[in-house]
Q: 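Got a structure for you, written out below as structure tokens; questions coming shortly.
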Amino acid sequence: MRGISRRFGGRFSRTALALTVVSGLTLTAAGCNSSSLGGDGALVVYTYGDGSTDVQQQAVSDFNKTSKVQVKLVTVPGANYASKLRMVMSSPVAPDVFFNWGGGSIEPYVKADQLVDLTPYFNEAPLKDAFLPSVVSAGAVDGKDYGVPMRGMQPVVLFYNKTLFAQYGLQAPNTWDAMQTAVTTLKAHGITPFALGDSDNWPSLMWLEYLLDRVGGASVFQKIQSGDASAWSDPAMSTALNDINLLIKEGAFGSTFTSENYTSNAAPTLLGTGKAGMQLMGSWDYANQVTNHASFAENDEAWTTFPTVPGGTGDPADVVGNPANYWSISARTKNLATAIKFVQFMTQTSYEKDQLAGGNMPTNTDAGALLPSYPNSQFLQFQYQTVQKAPSFQLSWDQALPTTVGTPLDTEVGRFFAGQVSVSQFESDMTNLQKNVG
Amino acid sequence: MTLTAPATKPQQRQGAASRRAKVGRPRLAWALPGVLFFALFAIAPMLYSLYLSFCGSWSGIGPARFVGLQDWHRLLSDPAIRQATTLTVEMTVLSWLFQTPISLLIGVWAAGKQRNRAIMSALFFLPLVLSSTAISLLFKALLDPNFGLASTFGPWLGFPQGNILGSSHGALLALVFVGGWQFMPFHTLIYQGGARQIPKSLYEAASLDGAGRVSQFFHITLPQLRHTITTSSVLIIVGSLTSFEMVFLLTNGGPGTSSTTLSLAMYQNAFQNFDFGYASALGTALVIVSTLLSLVMVKFSGFGSMRSTREGM
């Protein structure tokens with residue numbers, strides 16, 4: 001479920017459209033009553049509506065007990081949050097505080113001077129040191145902080161079936177050699193080595209993100225993110241792309257991965273039913289397996305970090321994925337003081353506990369101590385320690401880049417995995433794209 | 001009859017005129033709600049997107065500024081759009097070739113008086129009452145290579161692993177097939193109606209002259225149905241050019257971009273890349289092409305001149 005929610009491209013057009021229209025009307029009405037036009041001193045907060053919204057609702061009612069200015073939480077349903085937000089931000093009824101994905105998702109707003117620069121507030125207590133530094137930096141644009149982490153961290157990890165691995169005498173796939181042995185052995189026993197929902201494109205992008213980081217380090221993509229389009233043809237990029245080609249050729253993803261997707265659960269089911277041995281996926285897939293394949297999650301599922309790559313210059317402790325979701329504050333807010341107080345509220349232990357109870361791993365520096373008493377604490381601790389140790393936590397590229405580059409990148413990755421473009425074609429396509437529209 | 005006609009005709013006319021005067025002819029104001037709605041929800045957005053198509057890569061944040069033909073130049077030189085255009089034309093042609101003969105034959109058959117005809121027609125009509133979303137999700141599940149039927153019948157169709165939706169040709173053919181499955185009932189209905197309008201006397205005369213069923217079909221049914229064929233073809237062609245939900249839900253343009261049609265490219269540019277200017281240029285181009293194409297078809301099929309199918313009767 002969270003896998004769907006983190007992606008904002010609508011997948012069920014009619015329902016989504018209907019919901020958008022309906023919610024559009026109600027939101028406009030809500031905005032008129034309270035925010036910029038009503039002037040009754042309420043603070044309007046927009047959040048992405050899914051299973052995790054209860055935690056935000058709880059935080060708002062806790063906060064309202066302490067504040068004279070009341071916060072009003074508006075839950076925007078469905079997968080079209082990003083386009084909905086874009087419409088409402090250019091209208092007279094923009095929210096004061098809103099949910100976002102950090103990085104490229106807020107860059108256009110920053111460029112249009114629509115967001116409050118939170119850097120000064122991060123530098124003073126209690127925001128300073130409250131969150132893991134790699135998470136905070138993924139919510140920044142051009143070195144200035146615009147986002148306060150407000151939901152769990154979602155690193156991409158390598159899940160595998162430890163029962164299958166034990167059966168065939170395989171080692172945990174945390175080195176390239178161990179992974180290759182696992183691929184050959186599993187294939188020989190008729191098991192797809194890696195489940196991959198390639199028809200969604202973004203699960204395939206995760207492979208490129210990790211391989212580039214392991215081969216060339218975090219700096220290569222940082223160059224791209226800072227606007228240097230020529231970094232798309234960095235030698236590390238070519239090596240990473242060639243590695244993917246080798247994996248495809250040796251059948252590491254099976255032969256039908258171009259038909260499979262993640263969002264309707266095809267790929268996770270392959271892993272959960274033992275038809276595939278491994279899956280590279282965001283940490284949210286663990287909750288997904290607990291729900292859909294409980295006995296697999298309990299008895300067979302194990303996890304590790306992305307394998308080290310021989311000769312790679314990147315730090316093997318680096319992580320990619322979604323560091324967190326963020327609150328940003330609109331520059332047009334009339335209640336800046338309350339808005340700041342509200343985002344500071346995310347540092348409260350009570351909020352962390354609510355998040356953990358809802359299955360999210362908070363990004364607060366002191367969250368580690370809370371973990372042992374929660375169910376699935378093993379996986380929570382693995383996540384927390386991995387991120388805590390990570391020198392770099394790279395936000396998923398399609399969200400770190402401006403949407404005019406990030407979304408076509410997903411498509412280009414899909415073309416690459418489908419064998420429609422070569423390594424050099426991929427590099428020149430992306431270079432040109434970023435030069436032209438980035 | 002012929003003698004009384006001149007006497008009664010003026011009287012009738014007068015009667016009609018006075019009736020009209022009494023009831024009152026609907027004034028233009030009566031059409032106002034409809035016209036307003038249409039203007040507000042169809043004409044105005046269309047004009048606004050025409051304007052946006054001259055605004056460069058407007059991201060939806062801040063005001064849109066007129067910059068001229070930038071997006072239109074980009075549209076003409078974009079290889080992705082060229083590919084999408086080729087695909088859309090391929091899909092349109094294949095859809096026409098797939099849907100027209102089958103709906104024509106079933107429609108003509110259903111116009112007859114065979115036993116079980118009513119039941120068969122009702123069953124055949126079912127796909128049309130399902131929503132495109134339901135149909136797309138249904139076929140997506142059926143065509144899943146691991147959990148659907150694709151691994152069983154894929155090999156018969158030349159897709160050894162059942163990788164139909166994941167191969168570029170398979171994805172396109174799947175779209176043509178599923179689209180046909182959904183819309184053939186509708187076209188069958190049109191042909192059924194058309195075939196029922198053909199006067200029985202034509203067939204009676206033909207069978208007196210010794211024409212067989214095949215000869216009757218080619219010399220009476222087909223020529224008599226030519227306006228129906230035009231109507232159905234225009235609908236198939238414009239429908240395929242602008243079809244969206246099915247492509248979006250079934251293949252999402254994949255694998256890679258091998259089933260990205262123009263309308264999907266428009267959606268992706270607007271609501272995923274947030275490039276509203278470019279998407280507006282694409283949308284406007286699609287409206288122009290669809291309109292021109294239907295005008296051309298109507299013109300060349302003689303539908304516009306309203307030549308009767310009953311000429312010489």
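Keep in mind that this is a model prediction, so the values were computed, not measured. Residue numbers begin at 1 in each chain, while the letters A, B, ... track the order of the sequences.
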Q: Measure the CE-OG distance between Met89(A) and Ser330(A) for me, rounded to the nearest 0.5 Å.
A: 4.5 Å
Q: Counting only heavy atoms closer than 4.5 Å, note whether Ala266(A) contacts chain B via side chain, backbone, both or neither.
A: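 Both parts, heavy atoms under 4.5 Å.
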Q: Angle class for the Phe257(A)/Phe417(A) ring planes (parallel below 30°, perpendicular above 60°, tilted otherwise)?
A: perpendicular
Q: Would you call the rings of Trp72(B) and Phe54(B) parallel, tilted or perpendicular, taking 30° and 60° as the class edges?
A: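 Judged by the thresholds at 30° and 60°, the geometry between Trp72(B) and Phe54(B) is tilted.
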Q: Side chain, backbone, both or neither: which part of Asn146(B) has a non-hydrogen atom closer than 4.5 Å to chain A?
A: both
Q: Classify the ring geometry of Tyr48(A) against Tyr81(A): parallel below 30°, tilted from 30° to 60°, perpendicular beyond 60°.
A: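 Taking Tyr81(A) first and then Tyr48(A), their aromatic rings sit tilted (interplane angle of 30° to 60°).
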Q: Check whether Asp198(A) gets within reach of chain B through its side chain, its backbone, both or neither, counting any heavy atom under 4.5 Å.
A: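 Looking at Asp198(A), nothing touches chain B.
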Q: Pick from Ile164(B), Asp275(B), Asn273(B): which one has the most heavy-atom pairs with chain A under 4.5 Å?
A: Asn273(B)
Q: Under 3.5 Å, which donor-acceptor pairs link side chains of residues 86-95 of chain B to any protein atom two or more places apart or in another chain?
A:
from     : atom 1 : to        : atom 2 : distance (Å)
Thr86(B) : OG1    : Arg82(B)  : O      : 2.8
Thr88(B) : OG1    : Ala84(B)  : O      : 2.5
Thr88(B) : OG1    : Leu262(B) : N      : 3.1
Thr92(B) : OG1    : Thr88(B)  : O      : 2.6
Ser95(B) : OG     : Met91(B)  : O      : 2.7

Q: In terms of heavy-atom proximity below 4.5 Å to chain B, should Thr192(A) be classed as side chain, backbone, both, or neither?
A: neither
Q: Which one wins on heavy-atom pair count under 4.5 Å against chain B: Pro408(A), Gly419(A), Gly406(A)?
A: Pro408(A)
Q: Which one wins on heavy-atom pair count under 4.5 Å against chain A: Ala270(B), Ser59(B), Ala171(B), Gly254(B)?
A: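 Maximum pair count with chain A is reached by Ser59(B).
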Q: Name the region of Tyr109(A), side chain, backbone, both or neither, that has any atom closer than 4.5 Å to a heavy atom of chain B.
A: both
Q: Name the region of Leu143(B), side chain, backbone, both or neither, that has any atom closer than 4.5 Å to a heavy atom of chain A.
A: neither
Q: Taking atom CZ of Phe37(B) as the centre, report whether more than 12 heavy atoms of other residues, nucleotides or ligands fall under 6.0 Å from it.
A: no
Q: Looking at Ser259(A), Gly414(A), Ala112(A), which one has more heavy-atom pairs under 4.5 Å with chain B than the rest?
A: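 If we count pairs closer than 4.5 Å to chain B, Ser259(A) comes out on top.
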Q: Which pairs count as salt bridge (charged side-chain N to carboxylate O under 4.0 Å, His left out) when at least one residue sits in residues 415-425 of chain A, sequence neighbours excluded?
A: Glu412(A)-Arg415(A), Arg415(A)-Asp429(A)
Q: Any side-chain donor-acceptor pair under 3.5 Å between Thr291(A) and Asn288(A)?
A: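 There is no such pair between these side chains.
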Q: Please look at Ser136(B) and chain A and tell me whether the side chain, the backbone, both or neither of the residue comes under 4.5 angstrom of a heavy atom of that chain.
A: neither
